[in-house]
Amino acid sequence: MKNHASLKEVQRDLFSNKTSCVKIVREFIHNISEKQHLNAFVEVFSDTALIKAKEVDDKIKNKNQGKLAGLVVGIKDNICYAKHTCTASSKILEGFISPYSSTVVDRLISEDAIIIGRLNCDEFAMGSSNENSYYGPVKNPINESYVSGGSSGGSASAVSANLCHLALGSDTGGSVRQPSAFCNLFGLKPTYGLVSRHGLISYASSFDQIGPIAKSIHDINKVMDVISGSDEFDNTCVGSLFGQQKISSQKRKRFAVLKDALEFNDLDSRIKKQFENFVKSLESSGHEINYISLPMLEYLVPCYYILTTAEASSNLARYDGIRFGFQSQDQCISSTRSLGFGNEVKRRILLGTYVLSEGYYDAYYIKAQKVRNLLQQSIKKILLKNDFIILPTTPNLPFKIGKKPVNPVKRYIEDIFTVQANLSGHPSFSFPYGDSIENGFKASIQIIGDFFKEREILNTVKNVL
Ligand code: GLN
């Protein structure tokens, strides 16, 4: 199968009759079955994908196709698609068929993208290695003994292994950017409120955003143009449309380098080196570099885990086995939940319930909200004097499946560089930089910009790479 580098190339071949959507979908279905051992897909929607492919081929013949005609997309298993199963990779949602589609899926389909299947993830998007999934871990196609990252691990693995052109993930604390980084791909966490969350299974509603994972910046642009913008089903989703965002004509950009991230104890020295090379290349192309400090960096992971678990404990209260999903044999809510949720999800529900309980609410939940507020103010100040903040996406390269410390706190610390953008709501884009450091894995860099500046961010990265 031809490995198209971007949608532009796919459409060039489609419009010149070199291939067809049906052929492309068949080839992907073949690739998926060849690479089943990666465990990236939990279900392939062969029938509906082929029906849609035929429809798009007819539209192309009649020259009335949509903007994304021919783009084959995989969706994370927490994004609903009408009449298709969606489980958040949890036993508790076993057999749940969504009666409606998420806004993102509706918008993709109406522009003639083809949804090929649902992708493995950490249960309820809680994790950073895809080892918390009810369906088991996902392998990293770059080196199959390694994790693909998480929680959108299936999404990144599928794009990297050429099982679909692009995938959607969700990012609550890094789940689009970190697996993108682990699989040498591009991943965008949009501004909170740019993309509708309607039909996304909630983890922590004030953090969650859906974002694309792709092999090219071009495809990220194309998909953002279609999925962004206000939605009557999600009142946190504001009017701004990605396609209407202005790009500044100023060539010289001001980059704030987060000193505290570079001084972080557990930062892999080779990632640090690549990052420093990037900063040097920016400097030599005439950009302004400002080293800034964010002393609260070390408090961000605790703050994130207090607030997200609090929201999760409330969001996940709806899974009682009565109306949908798995139900234990004795039909008791407590045994349904004990058997239906995995260990990590249970840990987070307990933690969230604890931080919200009387007597601890002020000490944990309210305090963490204050830290979130302080962070938002600090980022605002930094972005008054700088166009972007840059830092590595992850402190470390992927690790071997089953090899990371089982101590959850040690694992949580790995999210130190990504949670910031979710706590403050800013857009953040991760891209691979430089040559492979080890086993084919590259370092990735994250660029954070002001609210609703995604186009500016993507354009800048395209120009500096
Ligand atoms: N790794 C983070 C967590 O475990 C982020 C998850 C996410 O973004 N969904 O919560």
Side-chain angles (χ1 to χ4, degrees), residues 75-79 88-90 119-133 137-138 147-156 167-182 187-192 195 197 200-213 300-313 315-316 341-352 355 368 372 393-396 398-399 404-430 444 446 448:
I75 53 174
K76 183 173 178 178
D77 188 26
N78 61 355
I79 298 175
S89 292
S90 178
L119 297 157
N120 203 341
C121 59
D122 281 302
E123 186 180 359
F124 284 99
M126 297 175 183
S128 339
S129 65
N130 223 301
E131 293 171 295
N132 297 335
S133 166
V138 175
V147 299
S148 57
S151 64
S152 315
S155 302
L168 290 185
S170 65
D171 192 312
T172 305
S175 281
V176 162
R177 290 160 287 156
Q178 187 257 21
S180 300
F182 277 13
L188 175 71
K189 195 290 284 183
T191 306
Y192 183 81
V195 176
R197 292 178 293 110
L200 167 70
I201 295 181
S202 304
Y203 160 16
S205 310
S206 75
F207 292 73
D208 301 338
Q209 269 293 289
I210 293 172
I213 298 179
L300 299 187
V301 169
C303 176
Y304 166 85
Y305 277 93
I306 288 171
L307 296 177
T308 54
T309 55
E311 293 189 25
S313 72
N315 273 327
L316 271 59
F341 288 130
N343 284 344
E344 183 61 25
V345 174
K346 282 188 226 169
R347 179 181 296 120
R348 295 196 193 196
I349 293 174
L350 288 173
L351 196 59
V355 299
R372 186 178 197 182
T393 307
T394 59
N396 288 297
F399 50 89
K404 251 288 151 127
V406 259
N407 176 347
V409 177
K410 284 215 169 109
R411 283 194 172 221
Y412 296 167
I413 298 293
E414 293 286 309
D415 297 333
I416 182 151
F417 297 155
T418 46
V419 295
Q420 176 197 328
N422 305 78
L423 280 162
S424 69
H426 289 87
S428 177
F429 181 55
S430 172
S444 278
Q446 203 184 164
I448 299 171

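Atoms within a ligand are numbered from 1 in the order they appear, just like the ligands themselves.
The N/O atoms of S170, backbone and side chain alike, include none that comes under 3.5 Å of an N/O atom in ligand 1. Ligand 1 has an N or O atom lying under 3.5 Å from an N or O atom of G173, backbone or side chain.
Counting heavy atoms from C-beta outward, D77 and N120 have side chains that stay 4.5 Å or more apart.
Side chain of S152 to main chain of S175: a donor-acceptor pair is present (N/O by atom type, distance under 3.5 Å, no hydrogens or angles).
Using a 3.5 Å distance cut-off with no hydrogens or angles, the side chains of Q178 and T394 do not pair a donor with an acceptor.
Within the 4.0 Å heavy-atom criterion, both parts of A125, backbone and side chain, lie near ligand 1. Counting heavy atoms under 4.0 Å from ligand 1, residue Y412 does not touch it at all. Looking at Q209 against ligand 1, nothing comes within 4.0 Å, counting heavy atoms. Contacts between T172 and ligand 1, counted as non-hydrogen atom pairs separated by less than 4.0 Å, involve both the backbone and the side chain.
Scanning the protein heavy atoms around atom 2 (C) of ligand 1, the nearest turns out to be D415 OD2, 3.2 Å. Atom 5 (C) of ligand 1 has as its closest protein heavy atom Y304 OH, 3.3 Å. Atom 7 (C) of ligand 1 has as its closest protein heavy atom S175 OG, 2.4 Å.
At a threshold of 4.0 Å, the pair E414-R411 does not count as salt-bridged, since none of the basic side-chain nitrogens sits closer than that to a carboxylate oxygen.
Summarising the local packing, CG of N343 is surrounded by 12 or fewer heavy atoms from other residues, nucleotides or ligands at distances under 6.0 Å.
Atoms CG and OG, from L423 and S206 in turn, are 8.5 Å apart once rounded to the nearest 0.5 Å.
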Practice problem: Go through the steps to decide whether Y412 and Y304 satisfy the test ring pair (Phe, Tyr, Trp, His ring centres under 6.0 Å), and finish with yes or no. | Solution: CA-CA 10 Å; Y412 296 167; Y304 166 85; 8.5 Å; no
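Checking R197, H426, Q209 one by one against Y192, the side chain to side chain donor-acceptor pair (under 3.5 Å) holds for a single residue, R197.
No cation-pi contact links R177 to F417, judged by a cut-off of 6.0 Å to the six-membered ring centre and 45° from its axis.
The atoms of ligand 1 that sit less than 4.0 Å from any heavy atom of S128 are 1 (N). Atoms of ligand 1 lying under 4.0 Å from at least one heavy atom of Y203, given by number and element, are 9 (N), 10 (O). Taking every non-hydrogen atom of D171 and a distance limit under 4.0 Å, the qualifying atoms of ligand 1 come out as 8 (O). For ligand 1, the atoms sitting less than 4.0 Å from at least one non-hydrogen atom of Y305 are 2 (C), 3 (C), 4 (O), 10 (O), numbered in the order shown with element in parentheses.
Comparing heavy-atom distances from atom 4 (O) of ligand 1 across K189, R348, R177, E344 singles out R348 as nearest.
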